[in-house]
Each structure stands twice: as C-alpha cells, then as structure tokens.
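Just so it is clear, the values below take in all heavy atoms, side chains as well, and ignore hydrogens, waters and symmetry mates. In what follows, chains carry the letters A, B, and so on, assigned in the order in which the sequence lines appear, proteins first and then strands, with residues in each chain numbered from 1.
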There are 2 protein chains.
Amino acid sequence: MSEEKAKEWSARQKFARFLEEHKKRKTPERFVILEKIFSSQAHVGVDTLYKQLLADGYRVSRATVYNTLDLLVEAGLVRRVTLGDGMTRYERVSGSMNHHHLICTRCGKVKEVKAVSTVAELLPKKPRSFEPAYYTLYIYGMCSSCARREQMMRTGIAEKSK
Amino acid sequence: MSEEKAKEWSARQKFARFLEEHKKRKTPERFVILEKIFSSQAHVGVDTLYKQLLADGYRVSRATVYNTLDLLVEAGLVRRVTLGDGMTRYERVSGSMNHHHLICTRCGKVKEVKAVSTVAELLPKKPRSFEPAYYTLYIYGMCSSCARREQMMRTGIAEKSK
DNA sequence: TTTACTGCAAATATTTTGCAATATC
DNA sequence: GATATTGCAAAATATTTGCAGTAAA
C-alpha cells in the first residue's frame, strides 16, 4: 500500500505541475477527484464518482467532476474507457502495468487481462506528427457462456429444419 | 470497385444467414442500412447515417437505425467506434485490412494508421472462456500541432517566471 | 483585486422505450 | 394469420452550458 501511496503522491505532483503550466488554479475539488480515482484500480463512471464524493461528505457538482476529468485526461493521468454502453468511464493510467479489455459482443460483459504490449510494439513505425502516450485496446468476441447458448440455438434450428 | 461490391455482397449474405439463424426477419430497412455502412470506409455516427438515409429517399426511423446497428454488431459485420466525444460511431469490419486510431488528447483529432497486428499477436495466451473476433485499438497522445502549441506555452511560462 | 472556477439548474445531445400500424414469414 | 418489426413521439440518460457567487492567485 505504501507503493500505492507513492504513486498517488507523484500523480498529485504531476497534476499540480500541469495546472501551473497551464495557468489553471489548484482548487481542492480537483485534487479530491484525483485522489478518488487513484484510490481505485477499476474504471468508474462519472455518476458513481460523483455519488461517492457526496457520500464522503464532499460538496462538489457534477459539472466540476466532468470538468476535472477532462483536465486529468489532458494531463495524461487518467484515461477514458468507453465500453459501448452510452457511458464514459475513467481509470488511472498506471505507469507500468496495463491491461486490455475483453468485451463480449453478446452480453456486454467485460473481462480484463494483463497487457504485455507497449505502444511502441503496437506501432512499429512511429507515425510522424504524433507522439503516443498510452493506449486502450478493446478486444471483442464472445464469452464462453454466450458461445454455449449460441451453439444450442444453432443446433436447435438445425434440428427443426430437418 | 468490383472487389468492394463483392465484399458488400458477401456481407449481405452473412447478414441474411445471421438473421435466419436467429429467427429474425429480413426487412428491407436492415439491408439498406448495411449497404450504407459498407459503402463507406469511414466511421459514421447514427445521426449522420440517419440523415443520409433520409436524403437518399428512404423513410426509416432513428430507432430502426439503432436497432439494426446492434444487430450488425452482434453479427460481427460492424464495429462500434467510441472516440470519447459522447457519440458512438460505426464502421464496417473489413475482413483483411484493419487500422488503429490515433487520437490527440488535446484537440481530439483522429488519425488512422494501418494495423499490422492480429488479435492473436495482441493476446499471446488466448484467454480461456473467451473467443476473440476483432478489436479496436485507440492510441492516445499529442498531434504535432498541439505539441508545438504546448511547447510555446511552456517556453512562454518559463520566460515569465524568470 | 482580479477573474478562473464552482454549484446549481436549465439546455442539449444521445439513446431507449411504448404503442399502434405494417409487413415478414 | 400470427407476431416481429417499424415509425413516431415521448421518456430516460448523459453531458454541456449560462450565470451569479466564491475563492485562488
């Protein structure tokens, strides 16, 4: 946990530097939101985040949450995760250990697997006029339970059309 | 172009088979929407698609467009592309040549680069209980124009704080 | 003191849903 | 003919915006 704390701490510093460099103000709300995101490994939606903050006794508005998340994304500390249900989620960009998302196109269930690839590996020829920072990889397919169901359905039809 | 036609044609067949297998009806609307997506290489939003269809003289509703797109995704013919602005886009899953998306975290501009990796390459150990079909890879970073602007800003601040 | 930022509420934008009419099987 | 699917409009969600008050610099 001490390593976690260290990571959060350096994220704080990075954010502070980012705000300074962009002549933006270091408001308490911004750092509270940063902390909240970095205190979890998972990806959270705006509404969840907002309600958590309220539950923790903070008095922030949704607008500020949206606002701050944009800044955190711009600062490269946080990443948007869009899983296809109409809701944007956010997760911290962990310095080292990344993960991919496996999404079932049938039931929408999301599974995460450890990533092994770096951006450089994915882009053999680094494109000119673009400096990559991080990535999100969504792999779509079918989870085993849906595949099973699918199989049964096909078989059922095959029998019927006999 | 004849190759394109052939691709669209086989997509039609695949979709027809999919509909049959799932006991769904082969309505004209469904095939018109399929054609519209396959007639373009780019990713289109629902609203754009809807308006194009109207402009072409078809009388379809937004609900049907959403509905059909879900089916096309389920059939594995079309892929959802979510770039972080709150709007889902769709593009055809081209059999062979894929592409990655480079997204500028500053200005949101999207560039596409040819993909070289297959799903298998990205997932060395195929996860049990999941059958991958296709993927979308979003690489975030900064485009050259934003990077330049950023550089100027930093320099400007450095001078000021002297 | 200046003005960027906040909370609040209203406005937009996007997607889903209910239902009667229609067209596929 | 039975019923899945459609168009339409209203509802549900998600996000953005305008504005007056507050607080960071």
Side-chain angles (χ1 to χ4, degrees), chain A residues 12 15-34 36 43-51 53-54 56-75 78 80-90 108 153 157 160-161, chain B residues 12 15-34 36 43-51 53-54 56-75 78 80-90 108 153 157 160-161:
Chain A
R12 243 189 121 86
F15 194 32
R17 189 167 333 152
F18 173 85
L19 292 174
E20 280 165 19
E21 278 175 355
H22 291 263
K23 305 200 196 192
K24 300 202 177 285
R25 293 185 177 169
K26 299 200 270 289
T27 67
E29 289 84 1
R30 287 175 176 174
F31 288 98
V32 166
I33 291 166
L34 171 74
K36 200 77 204 162
H43 35 62
V44 280
V46 175
D47 199 60
T48 309
L49 200 53
Y50 170 69
K51 279 175 182 152
L53 289 167
L54 288 199
D56 286 3
Y58 295 106
R59 202 168 125 284
V60 292
S61 66
R62 273 200 176 74
T64 299
V65 176
Y66 277 105
N67 217 334
T68 303
L69 287 170
D70 282 349
L71 285 177
L72 286 168
V73 167
E74 215 183 307
V78 160
R80 283 199 181 85
V81 181
T82 46
L83 300 174
D85 57 344
M87 184 177 60
T88 309
R89 273 160 247 258
Y90 295 82
M153 189 166 244
I157 288 174
K160 258 203 174 160
S161 65
Chain B
R12 242 189 121 87
F15 194 32
R17 190 169 333 152
F18 173 87
L19 292 174
E20 280 165 19
E21 277 175 355
H22 291 262
K23 304 197 198 195
K24 299 200 178 284
R25 294 184 177 171
K26 297 198 270 291
T27 67
E29 290 83 0
R30 288 176 174 173
F31 287 99
V32 166
I33 292 167
L34 170 74
K36 200 73 204 165
H43 34 62
V44 280
V46 175
D47 199 61
T48 309
L49 199 53
Y50 170 70
K51 280 176 182 152
L53 289 167
L54 287 199
D56 286 4
Y58 295 107
R59 202 167 125 285
V60 292
S61 66
R62 274 198 174 74
T64 300
V65 176
Y66 277 106
N67 217 333
T68 303
L69 287 170
D70 282 349
L71 285 178
L72 287 169
V73 167
E74 214 183 307
V78 159
R80 284 199 182 84
V81 180
T82 47
L83 300 173
D85 56 344
M87 183 177 63
T88 309
R89 272 159 247 255
Y90 296 82
M153 189 165 244
I157 288 172
K160 259 205 174 158
S161 63

Inset, instruction - Decide yes or no on salt bridge (charged side-chain N to carboxylate O under 4.0 Å, His left out) for Asp56(B) and Lys51(B), but give the supporting numbers first. - result: CA-CA 8 Å; Asp56(B) 286 4; Lys51(B) 280 176 182 152; over 6 Å; no
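Of all the heavy atoms in Arg30(A) and Lys24(A), the pair that sits closest is NH1-CB, 3.8 Å. Residue Gly45(A) comes nearest to Arg89(A) through the heavy atom pair N-CG, 3.6 Å, listed as atom of the first residue, atom of the second, then distance.
Put simply, Arg30(A) has a side-chain N or O that comes within less than 4.0 Å of OP1 or OP2 on dC5(C). Residue Arg59(A) places at least one side-chain N or O under 4.0 Å from the OP1 or OP2 atom of dC8(C). Within the 4.0 Å cut-off from OP1 or OP2 of dT5(D), not a single side-chain nitrogen or oxygen of Thr64(B) is found. A close approach under 4.0 Å does not occur between any side-chain nitrogen or oxygen of Thr88(B) and OP1 or OP2 of dT14(C).
Here the nucleotide nearest the side chain of Ala63(B), chosen from dT15(C), dT6(D), dC8(D), is dC8(D). Nearest to the side-chain atoms of Ser61(B) among the listed nucleotides dC8(D), dA14(D), dT6(C) stands dC8(D). Minimum atom distance to the side chain of Tyr66(A) is reached by dA14(D), of the listed dT6(D), dT15(C), dA14(D).
Atom pair Ile33(B):CD1 and dT6(D):C1' shows a separation of 11 Å (rounding to whole Å applied). A straight line from CZ of Phe31(A) to C1' of dT6(C) spans 16 Å, rounded to a whole angstrom. Atoms CD (Glu20(B)) and C1' (dT5(D)) sit 17 Å apart, rounded to a whole Å. In this structure, OH of Tyr50(B) is placed 14 Å from C1' of dT14(C), rounded to the nearest angstrom.
Two residues are said to be in side-chain contact when any heavy atoms from C-beta on lie closer than 4.5 Å; Leu71(A) and Leu19(A) meet this criterion. Looking at Thr88(B) and Val81(B), their side chains never come closer than 4.5 Å, going by heavy atoms from C-beta outward.
In this structure a side-chain-to-backbone donor-acceptor pair under 3.5 Å is missing from Thr64(B) to Val60(B).
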Extract from the structure each pairing of a protein N or O with an N or O of nucleotides 20-25 of chain D at less than 3.5 Å, listing the distance.
{"from": "dA25(D)", "atom 1": "OP1", "to": "Lys26(A)", "atom 2": "N", "distance (Å)": "3.1"}

